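Side chains included, hydrogens not; waters and symmetry mates left out as well; all remaining heavy atoms used. When a ligand or atom number is given, it counts from 1 through the structure's own listing order. Everything quoted here is computed from the prediction, not taken from an experiment.
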Amino acid sequence: MKVFLLSLLMVFSWTLLALESDAIPSERQQELLHLLKQDCGSCHGLTMKGGLGPALLPENLQGKPAFFLAQTILDGRPGTAMPPWRGLINPTEASWLAQILLQGDPQ
Ligand code: HEC
């Protein structure tokens, strides 16, 4: 029983570690920034100033929590044109993109 609990604890802490390390390789970061411009940009505008989708500049997103934006990126908004990206973007990457949007594109 002790061994079982111990291994459960280990798996749990590994999961926490995996969630906390926002280690997105820089190559993948470049891919995500490209996706943001090309794919997201097709609706939200190349410079995120809006188009079919709303503007995603820091001033537009002010007060919206990163997890809420990440959720929108992962699952889309049913009933709107915002599609889910879960197959292409994992939760860590969605949070990273939400941060990028909240802070403003570094480029
Ligand atoms: C086909 C068009 C389309 C594409 C492509 C698209 N979006 Fe959207 N997005 C929308 C629309 C429309 C909304 C507004 C939904 C609503 O009315 O709530 C939206 C909403 C959002 C929001 C919420 C904004 C807010 O103020 O709450 C975020 C964040 C977002 N999109 C990010 C992205 C990202 C990141 C991508 C690319 C991975 C992307 N979108 C691609 C159409 C699109």
Side-chain angles (χ1 to χ4, degrees):
M1 188 59 185
K2 259 189 193 156
V3 173
F4 173 72
L5 283 177
L6 209 67
S7 43
L8 207 70
L9 197 72
M10 276 172 75
V11 169
F12 185 58
S13 42
W14 279 334
T15 314
L16 274 185
L17 266 180
L19 282 177
E20 272 173 20
S21 69
D22 71 333
I24 299 176
S26 62
E27 260 178 42
R28 180 61 179 156
Q29 290 188 7
Q30 289 312 312
E31 265 174 39
L32 289 169
L33 291 176
H34 185 76
L35 182 102
L36 190 64
K37 285 220 160 31
Q38 301 307 315
D39 295 69
C40 316
S42 66
C43 281
H44 293 283
L46 211 58
T47 52
M48 301 295 128
K49 285 190 183 139
L52 171 62
L56 298 178
L57 296 171
E59 56 262 39
N60 308 111
L61 300 176
Q62 219 174 25
K64 298 194 177 177
F67 77 84
F68 166 76
L69 299 174
Q71 202 59 45
T72 300
I73 296 171
L74 287 174
D75 294 324
R77 293 253 170 96
T80 78
M82 176 63 187
W85 294 88
R86 203 177 269 282
L88 290 171
I89 298 175
N90 73 31
T92 308
E93 294 167 349
S95 305
W96 186 78
L97 280 174
Q99 287 300 339
I100 295 275
L101 291 172
L102 283 167
Q103 286 161 18
D105 192 332
Q107 293 161 43

_So if I count the atoms of ligand 1 from 1 in the order they appear, which ones are less than 4.0 Å from some heavy atom of I73?_
32 (C), 35 (C)
Please tabulate, for side-chain N and O atoms in residues 39-56, each donor-acceptor pair with protein atoms closer than 3.5 Å (sequence neighbours left out).
| unit_1 | atom_1 | unit_2 | atom_2 | d |
| --- | --- | --- | --- | --- |
| S42 | OG | D39 | O | 2.7 |
| H44 | ND1 | P54 | O | 2.8 |

*Write out the residue and atom name of the closest protein heavy atom to atom 22 (C) of ligand 1, then the distance separating them to 0.1 Å.*
T72 CG2, 3.6 Å
*Inter-residue atom distance L88.CG - L74.CG, 0.5 Å rounding*: 11.0 Å
*Kindly confirm whether atom 8 (Fe) of ligand 1 is within less than 2.8 Å of some N/O/S atom in M82?*
yes
_Ligand-side contact atoms (ligand 1) for residue partner P83, heavy atom cut-off under 4.0 Å_ = 3 (C), 4 (C), 6 (C), 7 (N), 43 (C)
*If hydrogens are left out, which of Q62, H44, R77, M48 has an atom nearest to atom 18 (O) of ligand 1, that is, the closest non-hydrogen atom?*
R77
*Which protein heavy atom lies closest to atom 17 (O) of ligand 1, and at what distance to 0.1 Å?*
T80 CG2, 3.6 Å
_Would you compute the distance between atom CD1 of I73 and atom CE of M82 and round it to the nearest 0.5 angstrom?_
6.0 Å
_Within the 4.0 Å heavy-atom shell around L61, which atoms of ligand 1 are there?_
26 (O)
_Among all the protein's non-hydrogen atoms, which is closest to atom 1 (C) of ligand 1, and how far away is it?_
C43 SG, 2.7 Å
*Would you say Q29's side chain and I24's backbone share a donor-acceptor pair under 3.5 angstrom?*
yes
*asked:* With a sphere of 6.0 Å drawn around CD of Q62, does it hold more than 12 non-hydrogen atoms of other residues, nucleotides or ligands?
replied: no
*Would you give the length of the straight line joining atom CG of L57 to atom CG of L102, rounded to the nearest 0.5 angstrom?*
11.5 Å
_Separation between CH2 of W96 and CG of L33, rounded to the nearest 0.5 Å_ = 4.0 Å
*Measure the spacing between CZ of R86 and CD of Q71 and express it to the nearest 0.5 Å.*
6.0 Å
*Please state which protein non-hydrogen atom is closest to atom 25 (C) of ligand 1 and give its distance, to 0.1 Å?*
K64 NZ, 3.2 Å
*If every non-hydrogen atom of A66 is compared with every non-hydrogen atom of A98, which pair is closest and at what distance?*
O-CB, 3.6 Å
*Applying a 4.0 Å heavy-atom criterion (strictly less than), which segment of P54 is in contact with ligand 1: side chain, backbone, both, or neither?*
side chain
_Quick check: N60 and ligand 1, any N/O pair under 3.5 Å apart?_
no
*Is there a nitrogen or oxygen of D39 sitting under 3.5 Å from a nitrogen or oxygen of ligand 1?*
no
*So, does L97 sit close enough to ligand 1 that a heavy atom of it is under 4.0 Å from the ligand?*
no
*Rounded to the nearest 0.5 Å, how far apart are CG of L35 and NZ of K37?*
11.5 Å
*For atom 37 (C) of ligand 1, the protein heavy atom that lies nearest, with its residue and separation*: C40 SG, 1.8 Å
_Suppose we measure from atom 29 (C) of ligand 1 to each protein heavy atom; which comes out shortest, and what is that distance?_
L69 CD2, 3.9 Å
_Nearest-neighbour protein heavy atom for atom 28 (C) of ligand 1, which is reported as residue plus atom name and distance_ = L56 CD2, 3.7 Å
